[in-house]
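Quick notes on the structure that follows.
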2 protein chains.
Amino acid sequence: MSRPTIHDVARIAGVSLSTVDRVLNAREGVRRATQVRVTEVMQQLGYERNVAAANLARRRQYRLLFVLPAGGNSFMRGLEQEIAARAGAWEFTSIAVMTVPPFDDAALAGALLDIDPAQTDGVAVVATDSAAVRAALAALRDKGVAVVTLVSDLPSSRRQHFVGIDNVQAGRTAASLLGRFCRGRTGSIVMVAGSMLVRDHAERRLGFEQVLYQEYPEQHILPPLEGFDDQDIVAARLSELLAQTADVVGIYSLGAGTRGVARAMAQTRTDAPSVVVHELTPHSRQALLDGTFDAVIHQDPLREITAAVGLLQSLIGGEAIDADVARIGIEVYLRDNLP
Amino acid sequence: MSRPTIHDVARIAGVSLSTVDRVLNAREGVRRATQVRVTEVMQQLGYERNVAAANLARRRQYRLLFVLPAGGNSFMRGLEQEIAARAGAWEFTSIAVMTVPPFDDAALAGALLDIDPAQTDGVAVVATDSAAVRAALAALRDKGVAVVTLVSDLPSSRRQHFVGIDNVQAGRTAASLLGRFCRGRTGSIVMVAGSMLVRDHAERRLGFEQVLYQEYPEQHILPPLEGFDDQDIVAARLSELLAQTADVVGIYSLGAGTRGVARAMAQTRTDAPSVVVHELTPHSRQALLDGTFDAVIHQDPLREITAAVGLLQSLIGGEAIDADVARIGIEVYLRDNLP
DNA sequence: GTGAAAGCGCTAACAT
DNA sequence: ATGTTAGCGCTTTCAC
């Protein structure tokens, strides 16, 4: 009646528990014939291994480390808090967090090289794109540490997986929204970026321009404003631009420093431009509620953490990995579907 | 070094394992003083119970049953498939699915009354709103079966929880989108419903009208079309209406039968109305890709299943429940952020 | 090659 | 009111 166990399998196959275990875990030291017999009994019984019991007996320990940029980036701070809040939630898993100066690839590479493989089994890192970081990741891997990139990827490095959204698609989504929101009004579209040197920002811009050029050719895209994810710089530059350019109908903020966008918007005349920004934070939420922003494109930090942890566990345990969990959805929020 | 266990707690507190267990599970038969001492040691050691081991020892079995409407509703069929696919994924849990004729509260009530409490510990049901169903749920509860409603709620019944989206907010979200999409074009807005007798449809309509009346008063909302979640009826009635009404600028389909909307749209002239529908299915996905639909409002079936299973497990086990997991997000999809 | 036996961290009788 | 003991389903020495 209840689920069959290895005891049942062993009894029916006429072998011992150890042999069933060997077959189950594809260990060697089992005659071909026995192997087949045991496998058949398992199939016939519909045996499914009890993972909890297995982990219990194994006494596995996954020691994971998250490496995030420091600084005032609300999204990153939210991510950090979420990790801290959930750190105790995973069985057999301890989680540490480390922050490094943002936009500083030397610092990141140094920090990665300092990781002690005797203390850490797996690392999830928000990558900065540089040769030094690539080399540091490779070194980590050589030491036997599992590595996934988080939020911002580093393709063609030796990271084993990327956990995050498809940023080109995110940019396209922003354009689909903003294009529709601006229908009937023709004019200039402003893009506010952090820095074009950061991979995810570059990808978002690419996707955004793809769709806007092709499907809303009546709109005029201005060259991107660089705000370095700093709200003061963003506010200053955007205010200036809005003062000079009368026909701005839409704004897409594809990095952080979103508070600066809200501040600049506060000074605009009636019939304000439509605004789409990235990442749901207390501030973007507020701006959505008071009508300053029209939509927020978001990635769920908790999902990303969960995916990273699960992936690292599988990687460390040498199990098959489910690539699906790593594909994080691009979420769209308006005032009314806020969580 | 490794996580402290009840052995450590017992040793340090100078009591036996049983006593620690009693404290841990708030069982009676422990002197106040011992209780305090043990608790203190736990805190001091940062003890966290190993849930897997606990479940293993308990040999708990959760036998759950999902009750869904039968019929051609793509969303429900998707839900059913997802349950089947994940049925083996939960430890200590077996999951069965049962379908009943749709929109037939007598059939649903009968099916619920037939559930054998000796075979079933918990039920998740897509509710139809009626006194008979309410009574059936109450009878189930009296038999000791845990009950949650799924997707469509039955408030003021004895169901212990609802797992699903906030449908008023979903309607508001649709209006926010459609209102923005139609800016600059003024005319009629069509609502296609399944039946106003179904609770979630009524709620969506409410939310939709709230926002549209208040924030887009220039648009004219037509009385809702009833399509009974049947694509043929929807196609026929919507085609007819579109032929008669030249100034339709937006369409909101708040129930199933969405394929009928796509079919009716295929016959419209250029400058087609903007369309927002519910539930991501192979068909609505296709319509999004080919530009027939502008946005799809969705609820994630897998999340709902996971939440229902988790909630029922807690309810059956008499544990504290985390109401947060039951709040399913209202997802918005455009062509470019499709999963 | 295969098996017996001792645990993993916790719970559930059954003592005392 | 508290302790002892035998498992839960699986893994892991260590024998044979």
Side-chain angles (χ1 to χ4, degrees), chain A residues 1-39 41-42 45-62 88-94 316-319, chain B residues 1-39 41-42 45-62 88 90-94 313 316-319:
Chain A
M1 271 298 67
S2 64
R3 250 161 78 152
T5 72
I6 49 172
H7 287 92
D8 304 318
V9 177
R11 189 167 30 77
I12 296 178
V15 296
S16 75
L17 295 183
S18 321
T19 300
V20 177
D21 180 69
R22 289 186 183 101
V23 174
L24 194 56
N25 293 289
R27 300 190 170 94
E28 50 200 19
V30 184
R31 244 205 326 257
R32 190 78 205 162
T34 340
Q35 221 249 63
V36 170
R37 186 151 40 94
V38 172
T39 311
V41 173
M42 283 180 173
L45 255 49
Y47 170 81
E48 287 178 87
R49 131 208 256 139
N50 183 325
V51 187
N55 278 328
L56 181 59
R58 266 193 253 254
R59 266 174 308 171
R60 244 187 213 156
Q61 275 284 90
Y62 306 94
W90 284 275
E91 303 283 339
F92 318 109
T93 305
S94 62
I316 294 164
E319 298 157 32
Chain B
M1 271 297 69
S2 64
R3 249 161 80 152
T5 73
I6 49 172
H7 287 92
D8 304 318
V9 177
R11 187 166 32 76
I12 296 178
V15 296
S16 75
L17 294 184
S18 327
T19 301
V20 177
D21 180 69
R22 289 185 183 102
V23 173
L24 195 54
N25 294 289
R27 299 189 171 95
E28 51 200 18
V30 183
R31 241 205 327 256
R32 190 79 205 161
T34 340
Q35 219 249 62
V36 170
R37 186 152 39 94
V38 172
T39 311
V41 173
M42 283 180 173
L45 254 49
Y47 170 81
E48 286 178 87
R49 128 206 260 141
N50 182 325
V51 186
N55 278 327
L56 182 61
R58 267 192 250 253
R59 259 178 316 170
R60 245 187 212 156
Q61 275 284 90
Y62 307 94
W90 284 276
E91 303 283 339
F92 319 108
T93 306
S94 62
Q313 287 176 334
I316 294 165
E319 298 157 32

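Fit an axis to the five pairs at each end of the helix from C/dG1-D/dC16 to C/dT16-D/dA1 and the two axes sit 40° apart, to the nearest 10 degrees.
Between the side chain of B/D21 and the backbone N or O of B/L17, no donor-acceptor pair lies under 3.5 Å. In terms of modelled atom types and a separation under 3.5 Å, the side chain of A/R37 and the main chain of A/A13 share a donor-acceptor contact. Here the side chain of A/T39 pairs a donor or acceptor atom with the backbone of A/Q35 at under 3.5 angstrom.
With a heavy-atom cut-off of 4.0 Å to chain A, the contacted part of DNA chain D has its first and last nucleotide at D/dG9 to D/dT12.
Put simply, the residue from B/I6, B/V38, B/V41 that forms a side-chain contact (heavy atoms from CB on, under 4.5 Å) with B/V23 is B/V38.
Remark: B/I316 CD1 to B/Q61 CD distance equals 10.5 Å, nearest 0.5 Å. Here A/L45 contributes atom CG and A/R11 contributes atom CZ; the two are 8.5 Å apart, rounded to the nearest 0.5 Å.
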*Mind running side-chain contact (heavy atoms from CB on, under 4.5 Å) on A/T5 and A/N50 for me, showing each step along the way?*
CA-CA 8 Å; A/T5 72; A/N50 183 325; over 6 Å; no
*Mind running side-chain contact (heavy atoms from CB on, under 4.5 Å) on A/L24 and A/Y47 for me, showing each step along the way?*
CA-CA 10 Å; A/L24 194 56; A/Y47 170 81; 3.6 Å; yes
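In the model, B/Q313 has a side-chain atom that pairs as donor or acceptor with a side-chain atom of B/T93 under 3.5 Å.
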_Can you build the contact string for nucleotides 6-16 of chain C? Use B for base contact, S for sugar-phosphate-only contact, and - for no protein heavy atom under 4.0 Å._
-BBBBBB----
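Using a 4.0 Å heavy-atom cutoff across all strands shown, A/V20 reaches no nucleic acid atom at all.
Using a 4.0 Å cut-off between a side-chain N of Lys or Arg and a carboxylate O of Asp or Glu, A/R49 and A/E319 do not qualify as a salt bridge.
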